[in-house]
Protein chains: 2
Amino acid sequence: MTSSPTPLSEYSETEQQIFDAALHVFAREGRHGARMQAIADAADINKAMLHYYFEDKETLYEEVFTYTVERFMASFGASLREASTFENTLRAFIDGYIEFVRSDEAAMRLMIQENLAGGDLLGAHLREATNAGDAPPQILVETIASAVDAGEIRAVDPQHTVLSVVSTCLFFFVARPTVQIMHPAAEDDWGAFVEARKDHLFDLIYHGLAP
Amino acid sequence: MTSSPTPLSEYSETEQQIFDAALHVFAREGRHGARMQAIADAADINKAMLHYYFEDKETLYEEVFTYTVERFMASFGASLREASTFENTLRAFIDGYIEFVRSDEAAMRLMIQENLAGGDLLGAHLREATNAGDAPPQILVETIASAVDAGEIRAVDPQHTVLSVVSTCLFFFVARPTVQIMHPAAEDDWGAFVEARKDHLFDLIYHGLAP
DNA sequence: ATGACGGTTAACCATTTGGTTGAACCAGGC
DNA sequence: GCCTGGTTCAACCAAATGGTTAACCGTCAT
């Protein structure tokens with residue numbers, strides 16, 4: 001279920017094990033809470049190997065985080081290809097974005113950890129991308145703005161709307177333990193619950209935007 | 001802006017300082033990432049005082065967390081008093097819930113930290129409350145179910161709907177650093193942004209539920 | 001064979017961190 | 001004054017943690 005985060009191809013096998021393990025431990029314990037020994041254990045290697053492949057904890061974190069944030073931003077746009085109707089676009093985005101997060105929950109948790117801890121490193125990356133013009137959600141914002149202009153949907157604020165869509169797609173992953181206690185269905189079969197959630201979210205938001 | 005989390009009244013002043021500081025540090029760095037020295041610094045006291053008032057790190061965390069989770073659950077129901085129309089109820093809940101989180105963001109961050117870390121302690125508290133019948137969101141679920149039965153809103157799944165409402169109310173706080181980079185308005189005046197968000201969320205969800 | 005080299009390991013070191021201690025401080029009651 | 005109780009602090013200690021080292025493989029070119 002929790003797949004490997006498809007690290008860089010130029011990495012050796014051991015490097016990928018470390019990378020993978022570090023992502024999961026950092027995602028769970030946070031930048032400072034994570035212990036090098038825990039990462040070594042998760043990667044099933046000797047602690048010294050961590051420093052052989054990555055200089056120190058800080059460097060390891062930065063490499064893992066940088067790679068994760070880039071993958072995250074790429075996934076944003078990837079879910080938006082081929083826009084026919086706005087209805088199809090919204091459906092494709094919700095499905096695609098949720099599918100991406102499901103395939104690598106640890107990546108998302110790491111992003112949230114950064115936010116909780118102040119998001120300094122995150123800020124640097126995002127500002128860079130934003131200035132370069134390829135800020136991830138900008139595409140969706142424009143899609144919604146166009147739909148508003150074309151009269152396809154009500155005159156909502158595109159920025160706020162995108163934030164709402166993203167919120168609903170991500171939050172139930174963030175609070176997964178809580179959700180699984182509250183919703184018996186989510187506890188029994190998480191996969192089915194995620195599918196049901198895609199349908200519900202599209203239905204709710206599409207009706208919320210309809211004229 | 002970041003108000004004090006109104007600790008238990010039976011606490012002495014020093015105890016409250018510690019409690020308050022611990023909440024903020026745990027919320028930012030997580031259960032294991034938090035350093036006792038950091039908490040002592042934030043509380044502006046000597047490190048030995050922490051152990052004078054609270055046995056050890058684990059106990060301190062548990063007391064802070066227990067108190068936080070209880071306050072959180074109470075706030076859930078508190079936002080639902082006096083339901084006339086469903087429209088008013090929804091509006092009151094969104095406003096009240098967001099206002100509660102705004103008044104104590106650290107409490108919410110602590111809850112999210114617990115979720116990211118697996119939520120074992122959280123699970124114990126929630127299951128207890130759920131079995132006792134006073135599970136926080138149960139009231140909202142029933143309100144929505146009634147509205148569906150009365151034909152006030154479309155035939156949506158109440159459980160999923162509540163999760164969606166809560167997602168949108170909480171997520172922009174969780175990802176506040178990211179949101180502030182993406183939305184210039186949120187960076188300039190967070191308070192005004194939160195207000196705008198209340199309006200937007202009510203508008204989006206109310207239309208999403210309307211028949 | 002051998003030696004150079006990437007990879008791997010256990011043992012080790014220095015610093016940080018959680019936690020303790022004994023003395024000092026500071027009321028209020030006698 | 002001086003005792004007593006709760007409170008506060010600097011210094012201290014043992015364990016945990018990040019990071020290093022020197023030796024040890026295995027293998028491949030010479």
Side-chain angles (χ1 to χ4, degrees), chain A residues 4 7-67 110 113-114 116-118 120-121, chain B residues 4 7-67 110 113-114 116-118 120-121:
Chain A
S4 55
L8 301 164
S9 53
E10 66 216 51
Y11 276 12
S12 75
E13 197 181 332
T14 312
E15 261 174 318
Q16 291 209 15
Q17 282 176 15
I18 295 174
F19 198 95
D20 203 17
L23 172 60
H24 281 84
V25 175
F26 279 129
R28 191 183 161 93
E29 302 287 347
R31 183 178 195 157
H32 301 111
R35 301 284 124 98
M36 293 299 267
Q37 187 61 60
I39 295 174
D41 291 349
D44 200 34
I45 52 152
N46 186 287
K47 188 161 63 87
M49 295 270 62
L50 296 179
H51 300 285
Y52 180 76
Y53 285 105
F54 301 87
E55 195 175 333
D56 56 16
K57 192 180 177 181
E58 206 60 20
T59 307
L60 177 57
Y61 179 81
E62 273 166 34
E63 285 208 31
V64 170
F65 180 77
T66 299
Y67 179 69
L110 186 66
Q113 285 279 7
E114 255 286 313
L116 293 180
D120 300 336
L121 227 184
Chain B
S4 55
L8 300 164
S9 54
E10 66 216 50
Y11 276 13
S12 76
E13 197 183 331
T14 312
E15 261 173 320
Q16 291 209 15
Q17 282 176 14
I18 295 174
F19 197 96
D20 204 16
L23 172 60
H24 280 84
V25 175
F26 279 129
R28 190 182 160 93
E29 301 288 346
R31 184 177 195 158
H32 301 111
R35 301 283 125 98
M36 294 299 267
Q37 187 60 61
I39 295 174
D41 290 348
D44 201 34
I45 53 152
N46 186 286
K47 189 161 61 89
M49 296 270 61
L50 296 180
H51 300 285
Y52 179 76
Y53 286 103
F54 300 87
E55 193 175 334
D56 55 17
K57 192 180 177 181
E58 205 61 18
T59 307
L60 177 56
Y61 179 82
E62 272 166 35
E63 285 207 31
V64 170
F65 180 76
T66 298
Y67 178 68
L110 187 66
Q113 285 280 7
E114 255 287 312
L116 293 180
D120 300 336
L121 226 184

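Heavy-atom basis, side chains included; hydrogens, waters and symmetry copies ignored. As the structure is a computational prediction, the values presented were derived from the model and not from experiment. In what follows, chains carry the letters A, B, and so on, assigned in the order in which the sequence lines appear, proteins first and then strands, with residues in each chain numbered from 1.
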TODO: For the side chain of K57(A), starting at C-beta, report the closest nucleotide among dT8(C), dT7(D), dG19(D).
DONE: dG19(D)

Task: Interatomic distance, L50(B) CG vs dT8(D) P [rounded to whole Å] - done: 12 Å

Task: Backbone of K47(A) reached by a side-chain donor or acceptor of H51(A) within 3.5 Å - done: no

Task: Between dA16(D) (P) and M36(B) (CE): distance, integer Å - done: 16 Å

Task: Sequence-distant partners of E55(A), side-chain contact (heavy atoms from CB on, under 4.5 Å), two or more places apart - done: T59(A)

Open item on the list: Would the distance check show the side chain of E29(A) and the main-chain N or O of A117(B) forming a donor-acceptor pair, the cut-off being under 3.5 Å?
Closed with: no

Open item on the list: Base, sugar-phosphate or nothing for A34(B)? Non-hydrogen atoms, less than 4.0 Å.
Closed with: sugar-phosphate

Open item on the list: Can you identify which nucleotide, out of dT8(C), dG19(C), dG18(D), has its nearest atom closest to the H51(B) side chain?
Closed with: dG19(C)

TODO: Let me know the distance between CD of Q37(B) and P of dT17(D), rounded to the nearest Å.
DONE: 18 Å

TODO: Measure from CZ on R31(A) to P on dG18(D) and round the result to the nearest Å.
DONE: 14 Å

Task: Rounded distance (nearest 0.5 Å) linking atom CD1 of I45(A) with atom CG of L50(A) - done: 4.5 Å

Open item on the list: Without decimals, in angstroms, what is the distance between H32(A) NE2 and dT17(D) C1'?
Closed with: 14 Å

Open item on the list: Considering every strand and a 4.0 Å limit on heavy-atom distances, what is the contact class for Y53(B): base, sugar-phosphate, or nothing?
Closed with: sugar-phosphate

Open item on the list: Could you tell me how far apart R35(B) (CZ) and dA16(D) (C1') are, to the nearest whole angstrom?
Closed with: 10 Å

Open item on the list: Using 0.5 Å steps for rounding, measure from the CE atom of M36(B) to the CG atom of L60(B).
Closed with: 5.5 Å

Task: Nearest to side-chain heavy atoms of M49(A), which nucleotide of dT8(D), dT8(C), dG18(C) - done: dT8(C)

Could you write out each protein N or O paired with an N or O of nucleotides 10-14 of chain D at a distance under 3.5 Å?
{"from": "dA10(D)", "atom 1": "OP2", "to": "N46(B)", "atom 2": "ND2", "distance (Å)": "3.3"}
{"from": "dA10(D)", "atom 1": "N7", "to": "N46(B)", "atom 2": "ND2", "distance (Å)": "3.3"}

Open item on the list: Do Y61(A) and E114(A) pair up side chain to side chain, a donor and an acceptor below 3.5 Å, judged on atom types alone?
Closed with: yes

- [ ] Write down the distance between OH (Y61(A)) and P (dG19(D)), rounded to a whole number of angstrom.
- [x] 15 Å

Task: Euclidean distance, atom CD1 of residue I39(B) to atom P of dT16(C) [Å, nearest integer] - done: 19 Å

Open item on the list: Closest-nucleotide mapping onto DNA chain D: is T14(B) or D56(A) further toward the 5' terminus? I mean the 5' end.
Closed with: T14(B)

Task: Value rounded to 0.5 Å, distance of CD1 in I18(A) from CG in L23(A) - done: 13.5 Å

